[in-house]
Structures are given as C-alpha cells and as structure tokens.
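In what follows, a single structure is set out as structure tokens and then discussed.
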Amino acid sequence: MNELLQILGSALWFILPAYVANAAPVVLGGGRPIDAGKKFTDGRPIFGAGKTVQGFIAGLAAGTFVGLLQGIAAGTLSHYLVLSFLLALGALLGDLLGSFIKRRLDIKRGDAAPGLDQLSFVVVALLVAGTLTLPSWERILTILIITPPIHLATNFGGYKLGLKSRPY
Ligand code: CTP
Ligand code: MG
C-alpha cells in the first residue's frame, strides 16, 4: 500500500508539468490558430481553431514554470527546467497531433475522441521527455492509467467553472 502510494506520488510529480501545459491554454489560449485557418489535402482543417499560437506559448511557459518550482523544491534547478520544458513541449505537440488525427477522422473541433483526447498529450510528453529522463515502467504505467480519469475530472471542473463549453 505504502509502495503504491509512493509510485502514485512520484508519477504525479514527474508528469505535473505536462498536465499544467495541457490545461493552461484553456484559460490563457485564444487568438490566431497555429494552422492559420489553412486546410489539409483532404479539405479539412489541419489542426482546427482550437489550437492557437497563444495557447501553445502559454502552455510551454506554464509547464516550465512548474518545473522551476519543482527545481527550487528539489534543489536541482537546471534538471527540472529542462525536463519540464520537454514535458510541456511534448504535451503541446501531442495535443496538436491528437487534433490533427481528429480532423483526419472528420471529428469536428471540440467534439470528443475518447482515448485520443485524454492520452495523446501525455504519450508524446513521455516520449519527448524520455530523451532526457525515462521514468520507471511502474511510473509510466501509473501515468497512463491515472491520466484519463484526471483529464476527464479536470475538464468537467473547467466546464462547471464556465471555462469550457464542453464537459469532457
Ligand atoms: N487551446 C488553445 N491552444 C492550444 C490548445 C488549446 O488555445 N494549443 C484552448 C482552445 O480554446 C481550446 C481549449 O484550449 O478550445 C481546449 O483544448 P482542447 O480540448 O484540446 O481543444 P478542442 O477545442 O477540444 O479542439 P480539438 O477538437 O482539436 O481537440
Ligand atoms: Mg477538447
């Protein structure tokens, strides 16, 4: 039991910058879409209007800021700064990839893609950050298991708070 809690805690600690990078654009995003409204070869949006330049930059900054705080707390600032930047970058790229796939499947901006919506950001965050630090397989597995319910719960919270128009 104690060991399980320890793995859960260390998994959350590791992935936290990715979570914050994924959530920040909901509050801080908006404006010009990354794809500038352009269409892909299939005639549908490349990413869609929900992926903005401002959201991307805000997510990168917010995720890295979490790493700054973690670095101060842990006493290894440079490690956490680089790690959190990679986690945030991966999270935002993974979120973009998710939207790219959704548009190819003709799923409209904001419509649900169960699985993809909850996991694309965290999988790519782990892949990108893995070039620097690969967590233990127990932690990776824990992250993959806890992320969908956490994502759904925070999105529902954001909906209740009026930050999002959809509850998922
Ligand atoms: N957002 C943003 N820039 C990003 C990512 C997200 O501005 N790079 C903002 C948008 O306002 C978006 C909201 O965060 O609507 C929620 O993000 P998400 O659920 O990922 O986007 P959706 O609007 O659902 O679009 P998609 O169907 O492409 O996932
Ligand atoms: Mg969405």
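Both ligands and their constituent atoms are indexed starting at 1 by order of listing. Not measured: the values here are computed from a predicted model. Heavy-atom basis, side chains included; hydrogens, waters and symmetry copies ignored.
- Linking Ile, Leu, Val, Met, Phe, Trp and Tyr whenever their side-chain heavy atoms come within less than 4.5 Å puts Phe14 and Leu119 in one cluster.
- Lys51 NZ, 4.4 Å is the protein heavy atom nearest to atom 17 (O) of ligand 1.
- For Ser120 (side chain) and Gly94 (main-chain N/O), a donor-acceptor pair under 3.5 Å exists by modelled atom type.
- Counting heavy atoms under 4.0 Å from ligand 1, residue Arg103 touches it through the side chain alone.
- Assignment of Gly110 to the shell around ligand 1 is supported, since a heavy atom sits closer than 4.0 Å.
- Of the protein's non-hydrogen atoms, the one nearest atom 9 (C) of ligand 1 is Pro25 O, 3.4 Å.
- Residue, atom and distance of the protein heavy atom nearest to atom 10 (C) of ligand 1 are Gly50 O, 3.2 Å.
- Counting the atoms of ligand 1 from 1 in the order shown, those under 4.0 Å from a heavy atom of Val26 are 14 (O), 16 (C).
- A salt bridge links Asp42 with Arg104; the closest basic N to acidic carboxylate O contact falls under 4.0 Å.
- Taking 4.0 Å as the cut-off between side-chain N and carboxylate O, Asp106 and Lys108 count as a salt-bridged pair.
- Ring to ring, Phe40 and Phe100 are close: their centroids are under 6.0 angstrom apart.
- Less than 4.0 angstrom separates some heavy atom of Asp95 from each of these atoms of ligand 1: 5 (C), 20 (O).
- Atom 29 (O) of ligand 1 has Lys102 NZ, 3.0 Å as its closest protein atom, hydrogens excluded (heavy atom only).
- For atom 11 (O) of ligand 1, the closest heavy atom belonging to the protein is Arg109 NH2, 3.8 Å.
- In Arg166, neither the side chain nor the backbone holds a heavy atom less than 4.0 Å from any atom of ligand 1.
- Under a hydrophobic clustering in which Ile, Leu, Val, Met, Phe, Trp and Tyr are joined whenever their side-chain heavy atoms come within less than 4.5 Å, directly or via other members, Leu93 and Leu132 fall into the same cluster.
- Shortest contact from atom 7 (O) of ligand 1 to any protein heavy atom: Thr52 OG1, 2.7 Å.
- Under the 4.0 Å criterion applied to side-chain N and carboxylate O atoms, Asp117 and Lys102 are assigned as salt-bridge partners.
- Under the 4.0 angstrom criterion, atom 19 (O) of ligand 1 counts as lacking any protein heavy-atom contact.
- Per-residue contacts place Phe56 under 4.0 angstrom from the following atoms of ligand 1 (heavy atoms of the residue considered): 8 (N).
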For this session: Evaluate the side chain to side chain donor-acceptor pair (under 3.5 Å) criterion for residues Thr154 and Tyr19: first the C-alpha distance (whole Å), next the side-chain angles of each, then the deciding distance (0.1 Å), finally the verdict.
Result: CA-CA 10 Å; Thr154 48; Tyr19 284 179; over 6 Å; no
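- With a 6.0 Å radius and a threshold of 12 heavy atoms from other residues, nucleotides or ligands, Phe65 has its CZ atom at or below the threshold.
- Those atoms of ligand 1 that come under 4.0 Å of a heavy atom in Gly30, given as number and element, are 7 (O).
- Every atom of ligand 1 is numbered from 1 in the order shown, and the set under 4.0 Å from a heavy atom of Gly29 is 7 (O).
- Between Ser99 and ligand 1, an N or O atom pair is found at a separation short of 3.5 Å.
- Residues Trp13 and Gln70 share a closest heavy-atom pair of O-NE2, 2.6 Å.
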